[in-house]
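Read the numbers this way: they start at 1 and go in the same order the structure lists the ligands and their atoms. In what follows, every heavy atom counts, from backbone to side chain, and hydrogens, waters and symmetry copies are set aside.
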Amino acid sequence: MVKTRLCELLGIEYPIIQGGMAWIADARLAAAVSNGGGLGLIAAMNADAEWVRNEIRKARELTDRPFGVNIMLLSPNAEAVAKVVAEERVKVVTTGAGNPAKYIRLWKEAGITVLPVVASAGLAKLVERAGADGVIAEGCEAGGHIGELTTMTLIPQVCDAVNIPVVAAGGIADGRGIAAALMLGACGVQVGTRFLVADECGIHENYKARVLKAKDIDTIVTGKRLGHPVRSLKSPFSRQLFSMEYDPNYSNEELERIASGSLKRAVEGDEKQGCFMAGQSAGLVKKAQPAAEIIKEMFGEAEKILGSAGQWIK
Ligand code: TUI
């Protein structure tokens, strides 16, 4: 068995967290991952606070195990959702796309374990000082909103910068990724892209089919000009968005308008106007499976690799 301090910190069997994917990670997926021995997350994305409360209560019906909520800090509802998770005393809160320092005290007072997603050692240090229990260091191989550094370079630098546990994210979709993350100093992994094709993931079949057929070079980063780079699968829509960013005839407002709502459209299966967010690991995702099977398979592979690593020491 692969056991790390993350298992104790979160009360889970396998040191894996499911990514808090906006419009995708709901109570059903979160409960399936938690029932499979990992930590499931509900993504609060741009939803209002009462939707999040309802989803938390649904997840409690579906699992007795710990689960968490991811708060996307760019959301206009972030503050209201921050209060609801404290009221509901969820086990874990993760945050993305910003600095959550101002909420950490409220969450700690509610007994919540706080794991901000960071894309730099600087933010990792800042949230450690503000009282975070650990950080999820996410490299730019990840899908959705991303930072600049790769997982390979980010994880050891964040590990050197802080004393709290570090979870690796970005580019991890099999046991090799888990083994590598542990070697870099992480005590667990966060996985998004592979769970897109979990049986319990409710996205449209068109989205799942695109992930399953993606190759290594099939993602693209748009939104750089707008200051929020987003990785998604290449499609006529994402390529058009990409080229418009290099065209000065389009204003930032126009770009924002075209991009806005495009992830939700992808989740609903819109092949023309959808932005199918996924990480570079999409090329490693080969089959649809129950979430619990994904977790078991990944850790079975990791255990084998880690167990035989001594062969390289002569
Ligand atoms: O947040 C994510 N991934 C996301 S959020 C999202 S919804 C969205 N859609 C369109 C545009 C923007 C967002 C889809 N995918 N991952 C965690 C993550 N956080 N990646 C990078 C960061 C990050 C970046 C900068 C965290 C903190 C940060 O610091 C900025 C600051 O304020 O210090």
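Shortest contact from atom 12 (C) of ligand 1 to any protein heavy atom: Leu74 CD1, 3.8 Å. In terms of protein heavy-atom proximity, atom 9 (N) of ligand 1 is closest to Met277 CE, 4.0 Å. Regarding atom 16 (N) of ligand 1, its nearest protein heavy-atom neighbour is Glu138 OE2, 3.2 Å. In terms of protein heavy-atom proximity, atom 24 (C) of ligand 1 is nearest to His145 NE2, 3.9 Å. Of the protein's non-hydrogen atoms, the one nearest atom 25 (C) of ligand 1 is Gly98 N, 4.5 Å. Nearest protein heavy-atom neighbour of atom 22 (C) of ligand 1: Ala97 N, 3.8 Å.
When heavy-atom distances to ligand 1 are checked against a 4.0 Å cut-off, Leu123 comes that close only through its side chain, counted from C-beta outward. Residue contacts with ligand 1, taken as heavy atom pairs separated by less than 4.0 Å, involve Met72 solely via side-chain atoms from C-beta onward.
Look at Lys264 and Glu268 and you find a salt bridge, because one of the NZ, NE, NH1 or NH2 atoms lies within 4.0 Å of a carboxylate O, short of that distance. The pair Lys224-Glu245 does not meet the salt-bridge criterion, since no charged nitrogen lies less than 4.0 angstrom from a carboxylate oxygen. Using a 4.0 Å cut-off between charged nitrogen and carboxylate oxygen, Glu13 and Arg65 count as a salt-bridge pair. A salt bridge is absent between Glu301 and Lys304: the closest approach of a Lys/Arg side-chain nitrogen to an acidic carboxylate oxygen does not fall below 4.0 angstrom. A salt bridge between Asp270 and Lys272 is absent, with no side-chain N of the basic residue lying under 4.0 Å from a carboxylate O of the acidic one. Taking the charged nitrogens against the carboxylate oxygens, Glu293 and Lys287 have no contact shorter than 4.0 Å, which rules out a salt bridge. With respect to the salt-bridge test (charged N to carboxylate O, under 4.0 angstrom), the residues Asp133 and Lys108 qualify.
No donor-acceptor pair under 3.5 Å is formed between the side chain of Glu88 and the backbone N or O of Val85.
Counting the atoms of ligand 1 from 1 in the order shown, those under 4.0 Å from a heavy atom of Gly144 are 14 (C), 15 (N). Counting atoms of ligand 1 from 1 in the listed order, those under 4.0 Å from a heavy atom of Val117 are 17 (C), 18 (C), 19 (N), 26 (C).
Hydrophobic clustering, with ILVMFWY side chains joined whenever heavy atoms are under 4.5 angstrom apart, keeps Ile136 apart from Met277.
The shortest N or O to N or O distance between His228 and ligand 1 is not under 3.5 Å.
Nearest-heavy-atom check against atom 10 (C) of ligand 1 across Val230, Leu73, Val127 picks out Val230. Here the shortest heavy-atom distance to atom 33 (O) of ligand 1, taken over Asn99, Leu126, Ile146, Thr222, belongs to Asn99.
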